[in-house]
Structures are given as structure tokens and as C-alpha cells.
Asks: 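Starting off with a structure, shown below.
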Amino acid sequence: MEHTREILTFQFGTYANYVGAHFWNQQEANFRYGDESDQVAEEQLPHNDILYREGLNDYNRTTYTPRLLSVDLAGTLAHLPVAGELYGNFVQRDEELLPLGTGEKLQKARQLAEESGVSASEQLDVVEQPQAAISEYQRDLLKNAVVPEKNYQLAETVSSWADFLYARYHPRTLNILPGLVRDPAVQCLGTYSAGTELWQGAAFNDDFCDRIRLYVEECDGLQGFHMLHDIDDGFAGLAGKCLEHLNDEYGRASFVVPLHYPRITSYAQADSRLSHGIRVVNSVLSYHHLSEQATMFTPLSTLETIWRNNDLKSRRFEGLHWQADNLYQTSALLAAFLDTATLGYRLRGTPQSLRLFCGAVSPAGRKMTAAGMALPFGLREGQDLIEFLDQSGGQALLTQLTPGCEPGASYVVQSVTARGIPAERLKRPRELAGDQLRMAAYGCDSVSQMLQLYYQCSYHGSVTNAAATPLPLKTQLPFPYEVFGAAFSGSGLRLPGEAEREAGTRVDCAPVLAALQNSTHLGEHLDNLHAQTHRVQLAKLQAYSNSGLERDEYETALDQLLEFRDLYADSQFL
């Protein structure tokens with residue numbers, strides 16, 4: 001009997017939950033209900049059961065929720081109840097209740113609970129919670145009245161990832177750190193060491209480990225874990241200890257994604273120079289731990305560099321425009337990469353496991369990989385893929401999403417995934433092919449074959465594994481569709497010449513190319529990190545002094561980081 005090959009996902013930190021919210025929104029945008037018009041074959045769709053679990057709530061109603069454990073600070077859930085909205089005795093307060101008196105409100109809540117089957121009214125004890133702020137999008141979503149054409153101004157109004165979350169979570173998903181309240185000005189869980197201490201405390205550890213066990217016991221063929229975590233603060237330490245626990249207890253593959261904030265991070269009792277030092281130490285300790293514990297890890301950020309980038313200079317994607325420090329917009333780009341890059345082992349027709357996928361991209365102990373993405377892909381309306389690749393002139397198709405990292409175009413090991421390029425856009429029929437017939441790529445019968453040939457010819461001495469699906473990236477609400485320039489059509493294809501998309505219309509979907517890459521050049525990323533440590537005076541970092549980090553422990557992490565960097569030397573290639 002074939003197992004589902006389940007994956008359990010973890011999200012540690014506020015920005016990780018921003019990225020996660022977009023990622024799960026994307027999964028649900030790809031769900032198919034009945035006869036869909038996208039005409040994508042079943043084997044080219046994601047196998048949803050890999051990331052999702054089916055269950056019954058307390059009232060015998062079927063639920064389908066992400067297999068997910070999320071950790072964040074108090075004050076980040078906004079209107080969301082910690083136990084979720086699908087189980088238990090929670091009743092969402094509706095704006096129609098607000099004008100009523102207190103007694104009438106409670107009576108109305110009892111009536112709603114009885115009508116919805118939550119509980120018989122005589123058994124229900126209604127406790128009125130203070131009204132939480134709720135975004136206009138969520139208000140319409142709760143009433144099933146979202147208007148796709150409406151401008152909800154999410155980029156300007158979102159203050160929490162809960163404001164744009166479409167997916168609904170299982171009651172064991174959300175975990176709030178005890179005694180820590182979100183402060184937009186500073187990181188209240190500032191250091192890697194503070195995160196490790198929090199993991200070791202019974203107030204968090206016991207319940208969280210029980211939740212992991214419950215998820216694992218539900219799986220028939222657990223293949224591993226996805227882990228997203230903020231790396232600039234103490235959530236990195238919390239994630240690191242969790243990863244250690246997963247290896248000790250379950251021994252499965254793990255793909256870890258450290259996320260750098262697109263903002264200058266501040267810490268309590270630390271000026272800009274000391275804050276920079278804390279960020280560096282957090283990254284050193286995190287990279288050291290990941291190099292030992294993760295099967296593969298890929299740092300992500302929309303920033304060009306994360307060291308001394310005081311002007312917040314972002315990477316540039318041709319045709320996209322976003323605010324460099326906007327959490328809602330930047331997290332959507334990173335989620336689009338994650339959704340696309342992981343399709344290689346999540347498609348229904350893909351037998352590859354997470355462990356084999358990670359092993360293929362991170363050979364010889366090179367566990368750190370780099371991320372590259374083309375969004376939109378750049379294909380023009382009416383243009384075939386064979387022409388697009390031929391006219392690229394050897395220029396890089398991808399923009400890097402791993403800060404301060406360029407893998408180069410020689411001796412690269414990579415996994416490339418294309419989505420949203422329909423089969424009819426591969427090449428012209430033979431009777432209409434013309435000059436295409438003289439191209440070697442005309443013999444390719446699929447998008448993945450053509451990409452494989454392209455990289456074989458363009459990247460010297462490289463190994464490329466290519467996968468493809470005609471399923472495009474869905475960019476309708478609550479994705480920040482406003483980032484797309486007017487030069488792209490509603491289907492994400494570049495318009496010819498100087499043409500622009502009709503005013504008032506939006507990009508609903510887009511083709512994407514994403515890659516996980518490995519090469520000797522990634523050692524420069526580690527060199528840049530190590531160079532920053534020369535400016536760090538650990539004794540002056542009060543946040544670390546208070547958390548008990550020993551100098552010897554830090555020096556050991558530095559030494560082992562250099563040993564890890566040696567794996568990326570030319571002599572160690574494959």
C-alpha cells in the first residue's frame with residue numbers, strides 16, 4: 001500500500017508566519033472543486049495530503065487543515081482565537097452584534113451557537129472577549145462576501161499576518177510564547193540563546209512536544225519536516241532546539257528556511273552598532289546549528305545583502321514593484337518561491353522523497369543552498385518557450401533570493417521548477433515551426449526537457465534536475481497583485497512592445513521559475529558572515545550577557561562555521 005509521504009511544517013517567528021500565511025493561501029488557491037477550467041492533469045497538481053490532514057471536529061464535521069505548528073508572540077493573532085475557528089466552542093463576534101446591549105449580545109451568541117450546532121444553549125457558558133481589531137478583508141471573509149475587484153489596501157493596512165490569512169488552522173497549530181508580547185519597535189525575544197532557554201522551559205516545551213507527537217502519530221508515512229524561522233532574533237534558537245528534538249526523536253529529513261527581516265532589526269538596550277552585532281551572533285549560531293542538524297537549509301530575503309544594508313536596498317525583479325520594508329508584500333514573494341521550488345517533490349506524479357530531493361541539491365555535506373526565482377517568468381504573449389530561451393542570450397533567468405549570494409553559471413548543482421507554462425507554448429507545430437526546426441531544443445517534448453537542455457548548454461559542468469507543471473501561481477486576493485507592473489497581462493505574460501494592461505484589470509496568475517542552487521560560490525556568503533564577526537565585541541552585547549552565552553561556545557561556533565565553509569572550496573566539489 002502506498003503511503004502519503006506526509007510532511008509536518010513548522011513556523012517560528014512573526015515574519016515566518018507572514019511567509020507561511022501566503023504559502024498556505026497559495027495551497028488553498030490550488031484546491032480543485034469539481035470541474036475546474038484550468039485543464040491541469042491530476043498528476044501535475046500538488047498532492048495536498050502531503051501537507052494537509054483530514055479530520056473531524058468535535059461535532060463530526062470534516063475539516064481539512066495544514067499539518068502545521070506555528071509559534072509567535074502574544075499580540076500577533078489579531079482576531080484569531082488561539083484554538084482556531086473550526087473546533088471548540090468559539091463563536092466569531094459579528095459586527096451585527098455590536099449595537100446590541102450586553103445581555104442581548106450574549107443571548108444572540110447563544111442562539112448562533114445553538115443554530116450552528118456548537119452546543120445546546122443550556123449547556124453553553126458564553127464568555128465575552130474584548131473586541132479585537134479585524135481587517136476589512138477578514139470581515140468580508142467571515143461573511144463570505146469577499147469582492148475580488150475590491151481594493152482592500154492590504155499593503156497599507158496589514159498589521160499582522162492574521163489580517164490576510166485565508167486558510168484556516170487546526171486548533172493545535174497556533175502556539176503563543178508565554179509572557180512575551182509583540183513590540184513593533186524592538187525584538188522582545190532578541191537572542192539565539194534566549195530562544196534555546198525558552199525551549200528548555202517546561203512552560204513551552206512539554207505541550208509543544210506533545211503536539212508534535214500527535215501530528216506524527218497521525219501520519220502513515222512521515223517523510224520529514226519543513227521549517228521556516230526568523231533568523232534575526234531568538235526564534236532562531238527556538239527553531240534550532242526544535243530541530244535537534246526532531247532528529248533525536250524521529251530522524252526524518254528536514255528542509256529549513258531561515259528568513260531575514262526586510263527591516264532594520266532593533267533590540268532592547270542596543271544602539272544600531274550593538275544591534276548589528278546581535279544579528280551577526282544570531283546568524284553565526286544559527287548557521288552553525290543548521291550545518292549540523294538540517295538536511296538542507298536555504299536563507300531567504302528580498303534584500304540584496306543583510307550586512308550594513310542601512311538603506312534597505314532590495315533585489316529587483318523586472319516588472320515587479322514593492323515597498324522594500326513591507327512585510328505583507330515581501331513575504332508573498334518568498335512564499336511564491338517556496339511554493340514553486342517545493343513542487344518538485346509535492347506533485348502527484350512525482351515519486352521523489354524530501355530526503356532524496358535535499359540530497360540531490362546539497363551533495364558532499366554542502367547543506368546550505370541558494371534560492372533563485374523569476375517572477376513573472378518573462379515569456380511574452382504569443383511567444384514560445386523555445387524562442388524565449390534562445391533569445392535570452394545566456395543571461396541569468398533568475399534573481400537571487402539568498403542575500404549576498406550569486407551561485408554563478410559553472411559547476412552548479414540545482415533543482416529547477418517551472419510552473420504556468422502551458423504545453424502549447426513549448427514550440428510551434430512542425431508545419432509552422434520555421435526556424436525553430438533548426439534548434440536542438442525542438443526535439444524536446446516537455447517544458448522540463450527543454451529547461452534541462454537549456455541549463456546543460458548554458459551552465460558549464462553543472463547538474464540540473466528540472467520539473468514542470470502547467471499550474472500557474474495564483475495571484476488573486478489576498479496575494480499582493482499590486483506589485484505587478486502594467487507591462488504584464490492578466491495571465492502574467494509580458495505584453496508586446498509598449499502595450500500596457502487595461503486599466504482596472506489585475507494579474508490573476510503568473511508563470512514562475514524557481515531554483516535551489518549549490519556551487520563553490522556559496523562559500524562567499526559564509527565568508528561575508530565571518531567577516532562581520534571581526535566587528536563584534538561579545539562582552540558588550542548585554543542581551544547575550546544576560547542570556548548566558550559563554551565565550552567558548554561562541555568561539556566553537558565560529559571555528560565550526562569555518563570548517564563548514566571549507567566544504568565549498570573548489571577541491572571539495574563533488
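Computed from heavy atoms alone, side chains included, the values below leave out hydrogens, waters and symmetry copies.
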Asks: Kindly say whether G234 contributes a backbone atom to a donor-acceptor pair with the side chain of N282 at under 3.5 angstrom?
Replies: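 Absent.
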
Asks: Can you check whether H289 reaches L285 side chain to side chain, under 4.5 Å on heavy atoms?
Replies: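 No, their side chains stay 4.5 Å or more apart.
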
Asks: How far does CG of L516 sit from CG of N465, to the nearest 0.5 angstrom?
Replies: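 Separation between the atoms: 11.5 Å.
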
Asks: If you take all heavy atoms of P299 and T402, which pair is closest and at what distance?
Replies: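 So the minimum-distance heavy-atom pair works out to O-OG1, 2.8 Å.
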
Asks: I need the minimum non-hydrogen distance between S392 and Y454, along with the two atoms involved.
Replies: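 Here S392 and Y454 meet closest at OG-OH, 3.3 Å.
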
Asks: Got L246 and M227 here, is their nearest side-chain heavy-atom distance under 4.5 Å?
Replies: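 They are in contact (side-chain heavy atoms under 4.5 Å apart), so the answer is yes.
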
Asks: What are the two closest non-hydrogen atoms of Q44 and L347, and how far apart are they?
Replies: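 Smallest heavy-atom distance, with atoms named: O-CD2, 3.6 Å.
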
Asks: With a 6.0 Å cut-off on ring centres, are F388 and F377 close enough?
Replies: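 Between F388 and F377, the centre distance is under 6.0 Å.
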
Asks: If we count only N and O atoms by modelled type, under 3.5 Å, do the side chains of T464 and S462 hold a donor and an acceptor together?
Replies: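 Not at all, the side chains of T464 and S462 share no donor-acceptor pair under 3.5 Å.
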
Asks: For the side chain to side chain contact (heavy atoms under 4.5 Å, CB included) test, which of L68, L51, V257, V256 pairs with H226?
Replies: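 In the set L68, L51, V257, V256, the residue that makes a side chain to side chain contact (heavy atoms under 4.5 Å, CB included) with H226 is L51.
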
Asks: Return the minimal non-hydrogen interatomic distance between P66 and Y215, and the atom names on each side.
Replies: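 Closest pair (atom of P66, atom of Y215, distance): O-OH, 3.8 Å.
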
Asks: Looking only at atom types and distance, does a side-chain atom of S519 sit under 3.5 Å from a main-chain N or O of P407, one as donor and one as acceptor?
Replies: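 Yes, the answer is positive, given that a donor and an acceptor are paired below the 3.5 Å cut-off.
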
Asks: Are a donor atom and an acceptor atom from the side chains of S193 and T191 found within less than 3.5 Å of each other?
Replies: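 On atom types as modelled, these side chains do not qualify, holding no pair under 3.5 Å.
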
Asks: Taking the side chain from D384 and the backbone from L426, do they hold a donor-acceptor pair closer than 3.5 Å?
Replies: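 Side chain of D384 to backbone of L426: no pair is present.
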
Asks: Once you measure the plane-to-plane angle for H245 and W199, does it fall in the parallel (<30°), tilted (30-60°) or perpendicular (>60°) bin?
Replies: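 Aromatic pair H245/W199 classed tilted.
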
Asks: For H530 and R565, which I'm curious about, is there any donor-acceptor pair between the side chains at under 3.5 Å?
Replies: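 Result is no, nothing qualifies.
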
Asks: Give the C-alpha distance, both sets of side-chain angles, the deciding distance and a yes or no for side-chain hydrogen bond (donor to acceptor under 3.5 Å, both in side chains) between S446 and S448.
Replies: CA-CA 5 Å; S446 67; S448 58; 3.1 Å; yes

Asks: Does either side chain, that of Q11 or that of W161, offer a donor lying less than 3.5 Å from an acceptor on the other one?
Replies: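 Short answer, no.
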
Asks: Fit a plane to each ring of Y328 and H22, take the angle between them on a 0 to 90° scale, and name the class: parallel (under 30°), tilted (30 to 60°) or perpendicular (over 60°).
Replies: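 Answer is tilted, since the angle falls between 30° and 60°.
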
Asks: Would you please indicate if the ring centroids of F31 and Y52 are separated by under 6.0 Å?
Replies: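 Between F31 and Y52, the centre distance is under 6.0 Å.
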
Asks: Mind checking the CD-OG spacing from Q293 to S286? Nearest 0.5 Å is all I need.
Replies: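 That separation rounds to 11.5 Å.
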
Asks: Between Y15 and T330, do the side chains contain an N or O donor and an N or O acceptor separated by less than 3.5 Å?
Replies: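 On atom types as modelled, these side chains qualify, holding a pair under 3.5 Å.
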
Asks: Considering all heavy atoms of both residues, which atom of L189 and which atom of D233 are nearest to each other, and what is their separation?
Replies: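 Looking at all heavy atoms of both residues, the closest pair is O-CB, 3.2 Å.
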
Asks: Between R182 and T76, do the side chains contain a donor N or O and an acceptor N or O under 3.5 Å apart?
Replies: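 No, R182 and T76 have no side-chain donor paired with an acceptor closer than 3.5 Å.
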
Asks: When rounded to the nearest 0.5 angstrom, what is the spacing between CG in L561 and CG in L529?
Replies: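 Separation between the atoms: 5.5 Å.
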
Asks: Can you check whether Y287 and F297 have ring centres sitting under 6.0 Å from each other?
Replies: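 Ring-ring flag for Y287/F297: true, centres closer than 6.0 Å.
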
Asks: Using 30° and 60° as the class limits, which term best fits the ring planes of F208 and F10: parallel, tilted or perpendicular?
Replies: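 Ring orientation of F208 relative to F10: tilted.
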
Asks: Which pair of heavy atoms, one from H525 and one from P403, lies closest together, and at what distance?
Replies: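 Answer, listing the atom of H525 first, then P403: ND1-O, 2.8 Å.
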
Asks: If we only count heavy atoms from C-beta on, is the I7 to Y345 side-chain gap below 4.5 Å?
Replies: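 In contact.
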
Asks: Tell me if a side-chain donor or acceptor on N25 pairs with a main-chain N or O of F479 at a distance below 3.5 Å.
Replies: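 It does not hold such a pair.
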
Asks: Looking at R346 and D339, is there a salt bridge between them, counting it only when a charged N and a carboxylate O are closer than 4.0 Å?
Replies: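 Yes, charged N to carboxylate O under 4.0 Å.
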
Asks: Does R425 use its side chain to pair, donor to acceptor, with the backbone of Q383 at less than 3.5 Å?
Replies: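 Confirmed, R425 side chain pairs with Q383 backbone.
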
Asks: Ignoring hydrogens and geometry beyond distance, is a side-chain donor-acceptor pair present between T298 and T369 at under 3.5 Å?
Replies: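 Result is yes, a qualifying pair exists.
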
Asks: Hey, is CD on E318 packed in by over 12 heavy atoms from elsewhere, all under 6.0 Å?
Replies: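 Atom CD in E318 is not crowded, with 12 or fewer foreign heavy atoms closer than 6.0 Å.
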
Asks: For S410, give me all partners under side-chain contact (heavy atoms from CB on, under 4.5 Å), at least two apart in sequence or on another chain.
Replies: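 With sequence neighbours excluded, S410 shows a side-chain contact (heavy atoms from CB on, under 4.5 Å) to H460, given in chain and number order.
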
